[in-house]
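Note sheet for the following structure.
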Amino acid sequence: MARIAVITHEFDRFQSRRGLLWRRDSPYMLFDLLEELKRRGHSVQVLSGTSAKPAADIAVLHVDATVTSPDYVEYARAFRFCLNLGAADISKRRISGAVVGKDDGWKGQVIVKSSLNHRGTPEQQLNRRARRAGKPIPFPGVESFDQYQIHASLADVPAELFGREDLIVEKFIPEPEPDGFAARFWLFCGERERCTRHVSPQSLVKGDDTIRREAVPVPDELRALRRKLGFDYGKFDFVMHEGRACCSMPTKRLDAPAICRASSPPAMPILPTASKG
């Protein structure tokens, strides 16, 4: 049986105990996968920070931040196998193919986003916990960004936003449907995967406003992007535009309650091939 180590940030809250029966719970889908692993006889240890030196056959780098700091990456390299070791920086500024500048010739709508996943909320939470603990904040300079901003054209975007390194301006290219708009969600773990197309009346498709969904194939260019970014486990949000896939957000953080809960843990493999440290 395998010994599995889950590497989390010192100030992450990967799991907690809740309810009258004080049961362990977590906001992450990985927690459900680990529970299944334990039922099959594998052992799991959740590591907080980089000080522990456990004996483990496989590790999962699960720092809840868009950019994993170098000390955690080096710590993860000490393990023989580590999932998502290659996906240390998935910031939108680095990977998005839809970013536009103020002088570009794009004539359509644009959307202003945080370069960080989930609008930088995980980094802000880690900073708050560090302050409460009297420690240096791990992500200095992270500013709040309340919501996406859609503009009719580049000319309508406030000039000062183009100068912010924490924000990006992207082409806004929704996937129209007769009854709304579509977005696609590809979940994967090793060689197992599930890709679904969700339709919503809203142009920004979210899990709670989906009116229908269907299984769809994974475009080859997204498979190539996954290999380039070094993802073993994660989720890509994307739309199809003019016959090509446009990925709006690759993420290592799979939240249990939202869209990804529709893809149940048994659809994933238990011990996929990992990146070698």
Side-chain angles (χ1 to χ4, degrees), residues 29 66 83-84 86-101 104-119 148 150-151 154 167-207 209-255 258-263 267-269 272-273 275:
M29 181 181 282
T66 303
L83 295 176
N84 278 357
D89 182 352
I90 58 169
S91 55
K92 297 185 188 75
R93 182 171 293 281
R94 173 175 176 255
I95 64 176
S96 173
V99 174
V100 289
D104 288 348
W106 175 252
K107 302 300 183 184
Q109 290 182 303
V110 295
I111 182 169
V112 181
K113 300 178 178 179
S114 170
S115 184
L116 301 177
N117 281 353
H118 302 282
R119 303 190 303 273
Y148 294 151
I150 299 175
H151 297 275
L154 281 168
L167 301 180
I168 60 167
V169 180
E170 283 185 329
K171 302 172 185 176
F172 183 59
I173 42 179
E175 185 177 329
E177 280 290 308
D179 52 348
F181 300 88
R184 302 167 188 238
F185 303 92
W186 176 32
L187 287 84
F188 50 81
C189 186
E191 296 179 354
R192 300 295 297 275
E193 62 188 27
R194 178 170 295 179
C195 189
T196 53
R197 182 172 179 267
H198 294 243
V199 175
S200 163
Q202 309 300 322
S203 58
L204 289 174
V205 181
K206 303 295 181 183
D209 56 18
T210 296
I211 56 177
R212 57 186 174 87
R213 65 171 178 249
E214 62 184 347
V216 291
V218 179
D220 289 340
E221 58 263 41
L222 284 196
R223 296 192 186 280
L225 178 62
R226 177 187 169 186
R227 290 192 295 270
K228 177 182 176 182
L229 295 177
F231 266 84
D232 298 298
Y233 164 78
K235 176 170 73 78
F236 284 12
D237 300 357
F238 68 102
V239 298
M240 296 301 296
H241 177 68
E242 296 180 348
R244 295 187 59 82
C246 181
C247 184
S248 60
M249 189 176 71
T251 181
K252 303 170 286 185
R253 166 185 172 159
L254 273 65
D255 295 332
I259 285 177
C260 49
R261 176 53 58 95
S263 294
M268 302 290 189
T273 301
S275 299

Distance-minimising heavy-atom pair for Leu154 and Gly101: CD1-O, 3.5 Å

Could you give the distance from CG (Leu229) to CD1 (Ile90), rounded to the nearest 0.5 Å? 8.0 Å

Glu193/Arg223 ion pair, N-O < 4.0 Å: yes

Mind checking the CD-OG1 spacing from Gln202 to Thr210? Nearest 0.5 Å is all I need. 10.5 Å

Would you sort out whether Leu204 and Phe172 count as a side chain to side chain contact (heavy atoms under 4.5 Å, CB included), showing the intermediate values? CA-CA 10 Å; Leu204 289 174; Phe172 183 59; 3.9 Å; yes

What is the minimum heavy-atom distance between Asn117 and Thr66, and which atoms define it? N-OG1, 2.8 Å

Do Phe236 and Pro250 have side-chain heavy atoms sitting under 4.5 Å apart? yes

Do Leu187 and Met29 touch side chain to side chain, with heavy atoms closer than 4.5 Å? yes

Check against side chain to side chain contact (heavy atoms under 4.5 Å, CB included), Arg94 and Ser91: CA-CA 5 Å; Arg94 173 175 176 255; Ser91 55; 3.5 Å; yes

Any salt bridge linking Glu170 with Lys92? Criterion: basic side-chain nitrogen under 4.0 Å from a carboxylate oxygen. no

Write down the atom of Ile211, the atom of Pro201, and the distance for their closest heavy-atom approach. CG2-CD, 3.8 Å

Show the atom names and distances, to 0.1 Å, of all donor-acceptor pairs under 3.5 Å that link a side chain in residues 241-248 to residues at least two apart or in another chain.
| from | atom 1 | to | atom 2 | distance (Å) |
| --- | --- | --- | --- | --- |
| Ser248 | OG | Asp237 | O | 3.2 |

Between the OG1 atom in Thr251 and the CZ atom in Phe231, the distance rounded to the nearest 0.5 Å is 6.5 Å

Taking atom CG of Asp232 and atom CG of Asn84, what is their separation to the nearest 0.5 Å? 5.0 Å

Distance check, rounded to the nearest 0.5 Å: Tyr233 atom OH versus Lys252 atom NZ? 12.5 Å

Which atoms form the tightest heavy-atom contact between Val205 and Ala182, and what is the distance? CG2-C, 4.0 Å

Apply side chain to side chain contact (heavy atoms under 4.5 Å, CB included) to Asp179 and Arg212, showing your working. CA-CA 10 Å; Asp179 52 348; Arg212 57 186 174 87; 3.0 Å; yes

To the nearest 0.5 Å, what is the distance between NE2 on His198 and CZ on Arg184? 11.0 Å

Start with the C-alpha distance between Met249 and Lys113, add both sets of side-chain angles, then the distance that settles side chain to side chain contact (heavy atoms under 4.5 Å, CB included), and finish with yes or no. CA-CA 11 Å; Met249 189 176 71; Lys113 300 178 178 179; 6.0 Å; no

Heavy-atom closest pair (Phe238 atom, Met240 atom, distance to 0.1 Å) is CE1-SD, 4.1 Å

Can you name the closest pair of heavy atoms from Ala98 and Ser96 and give their distance? N-OG, 3.1 Å

Is there side-chain contact between Phe185 and Arg213, with heavy atoms separated by less than 4.5 Å? no

